[in-house]
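As structure tokens, the structure follows; a few thoughts come after it.
Proteins come first, then strands; the chains are lettered A, B, ... in the order of their sequence lines, and each starts at number 1.
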Amino acid sequence: MSEVRVRIAPSPTGDPHVGTAYIALFNIAFARKHGGRFLVRIDDTDQTRSRPEYEKGILDSLNWLGLTWDEGPGMDNDWGPFRQSERTEHYREAAKRLLESGHAYRCFCSSEDLERIRIERAQMKLGRGYDGRCRKIDPEESGRRAEAGEAHVVRLAVPQEGDCRLQDEIRGEIVTPFKEVDDQILMKSDGFPTYHLANVVDDHRMRITHVIRGREWISSVPKHLLLYQALEWEPPCFYHMPLLLNPDGTKLSKRKNPTSIRYYQQAGYLPEALLNFLGMMGYSRPGGEEKFSLEELISDFEPKRLHSSDAVFDIQKLRWLNGRYLREDLTPEDLYQRLTNWRMNESLWKPMAELMLTRMETLGDFVPSVAFTLADDFESPAEDFVPKKRTPEETVQFLQTILWAFEEDDAWDKENVQKTIERVTELWNWKIREATAPLFVAIMGKKVGPPLYDSIAILGKDLSRARILKGIVQLGDISKKKLRKLEKRWKSGTLAPPASS
RNA sequence: GGCCCCGUCGUCUAGCUAGGUUCAGGACACCGGGUUUUCAUCCCGGCAACACGGGUUCAAAUCCCGUCGGGGUCACCA
């Protein structure tokens, strides 16, 4: 059998997600166990959302965790390049072959057409996919129209009958009737491939032997298998890992939990502890010892021990584990070094000194006032959150919309933070003082402190978000139904209640 | 809603492949006690689960069927 090659294919469209590290970890364990290679491929085919700084963020975070790759972006070799945006000719070639062999067809429907079809089919309870109308267009005519420059996409011609059989190494055989599978778009009208095509083409060209990824991908496997078949390539083995979950049992999401690896870094977790923690979800080591290093995980890694059921990401257990690493593995000197390398250094002290200068009477006033920049966990009295003439519920909703607003802009500096907060406050028709009160308490744990906007900017996006999220929970949270309603109002920009005065 | 996946203490899990050694073991959290000038650590103890119902069998957490519950997915996002 040829050399084992595995990969992760993160898309640079957001903050580095702990789920990416979790999947990377098991890919690495698998590769090392079998003397194979692990690669990182950047899946940046979504031109509207991909950003170089996100790619850097993901790579940096993986490095921080000690998750290293044998092949990846910037390390060109026979199988590279490792950024999908640099491999477009491969996808076009594959699409062409698919078109020629009749396994794919051009679709000239506009997004409006598609929307209409979707609604119609939903009403007739036909399932929500595309109805395949463009499949009937004669290939020659289709070619002419494309030649003439008519906008189109390329779709996979999924068989109308039969079943897809997937042999999942974790779950066994998974059978899906083809009639449940949509005529997936392979090439977008911008000339870029969708995940499905790019993924299959690259996995083949990069000689990937085992695909280990989250189980949210199970439902798209039929499309992939169809592609392998049509292209006459041998498919890899599949391992669909259990999902990481929020405490409420839904897929781990930043709406409900801190998911950014950077958050854990900045909140003061040790990389080895986070990695260890990730390794005990979805897998368990033979001896039963819960504390183990990456090397130990690799040394007796056994794919058979991979679980099939999902796991709740329990921050309390992570904290406990992290504590063990601190007290069992570090000397006081080590601790001091970690602390200063972390955030207890001039990168934090200097900007805070600037803010504090006019707000102190003795040097001793400094640390209590800036303690919030280093604290991971603190409780603030719920009643302090709520401005005088507002209810807790209003306050929760306000904070929630601040969170959404923060999600929208990427630049994280004082000016943007201020603009965002002012914008949301205006939408609510609140006074700015009412807005800053709950934010102060959420961010600092008390009603007074250094200037809010600067503080939020210095604290950083990940920590600030987490604090506000925690404030919301502390205030009694928000029901699913109300959240949905609020989101609707938020999206339409009509937050303020009808003017009463 | 269709399709698919999953179902052991509140949470992470051992045990399930090859049914008996398990009135189900460990860990986190929680509760109680001990050590410690305080706290933390550490030590001891406690609480707490095989989703439910049928079947197969001398014997089922382990095999089969059904039900229920949870989740994932149904984009010119990955």
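Nearest nucleotide to the side chain of I174(A), out of C5(B), U11(B), A78(B): C5(B). You'll find that the side chain of H196(A) is closest to A78(B), out of U11(B), G71(B), A78(B). Taking the side chain of E216(A) as heavy atoms from C-beta on, and the options C3(B), A14(B), G72(B), the nearest nucleotide is G72(B). Out of C76(B), C4(B), U13(B), the shortest distance to the side chain of I185(A) is found at C76(B). Which of U73(B), A14(B), A78(B) sits closest to the side chain of K251(A) comes down to U73(B). Set against G72(B), A75(B), G7(B), the side chain of S309(A) has G7(B) as its closest nucleotide. In this structure, of C76(B), C12(B), G72(B), it is G72(B) that holds the atom nearest to the side chain of T250(A). Distance from the side chain of R215(A) is smallest for G72(B) among the nucleotides C6(B), G72(B), C12(B).
Base pairing of U41(B) is not made with any nucleotide, judged by Watson-Crick or G-U wobble geometry with both donor-acceptor distances under 3.5 Å. Pairing for G7(B) is with C68(B), a Watson-Crick or G-U wobble pair whose two hydrogen-bonding atom distances lie under 3.5 Å. For C30(B), the paired nucleotide is G46(B), the pair qualifying as Watson-Crick or G-U wobble because both relevant distances are below 3.5 Å. Using Watson-Crick or G-U wobble geometry with both donor-acceptor distances under 3.5 Å, C74(B) finds its partner in G1(B).
The base of C77(B) lies outside donor-acceptor range of the side chain of T13(A), with no N or O pair under 3.5 Å.
For the pair L243(A) CG and G71(B) P, the interatomic distance rounds to 12 Å; values are reported in whole Å. For L252(A) and A78(B), the CG to P distance is 21 Å, given to the nearest whole Å. If you measure from atom CG of N276(A) to atom C1' of U13(B), you get 14 Å, rounded to the nearest angstrom.
Using a 4.0 Å cut-off between a side-chain N of Lys or Arg and a carboxylate O of Asp or Glu, D202(A) and R205(A) do not qualify as a salt bridge.
Residue V153(A) is in base contact, counting any heavy-atom pair closer than 4.0 Å across all strands shown. Using a 4.0 Å heavy-atom cutoff across all strands shown, C164(A) reaches no nucleic acid atom at all.
Comparing C47(B) with A40(B), their C1' atoms sit 24 Å apart, to the nearest whole Å. C65(B) sits 13 Å from C5(B) when the P atoms are compared, rounded to a whole Å. As rounded to the nearest Å, C50(B) and C12(B) have P atoms that lie 16 Å from one another. Rounded to the nearest Å, the gap between the C1' atom of U21(B) and that of C16(B) is 15 Å.
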- Message: Across nucleotides 45-53 of chain B, 5' to 3', mark each nucleotide with B, S or - according to how protein heavy atoms within less than 4.0 Å reach it.
- Response: ---------
- Message: What does the B/S/- profile of nucleotides 24-34 of chain B look like, 5' to 3', with a 4.0 Å heavy-atom cutoff to protein?
- Response: --BBSS-----
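For the OP1/OP2 pair of A75(B) and a distance below 4.0 Å, the side-chain nitrogens and oxygens of K223(A) include no atom meeting the criterion.
Remark: the S61(A) side chain and the N63(A) side chain contain no N/O donor-acceptor pair separated by less than 3.5 Å.
For RNA chain B, the neighbouring residues in residues 44-75 of chain A, judged by any heavy atom under 4.0 Å, are T45(A), D46(A), R49(A).
Remark: R155(A) qualifies as a cation-pi partner of Y130(A) under the 6.0 Å distance and 45° angle criteria applied to the six-membered ring.
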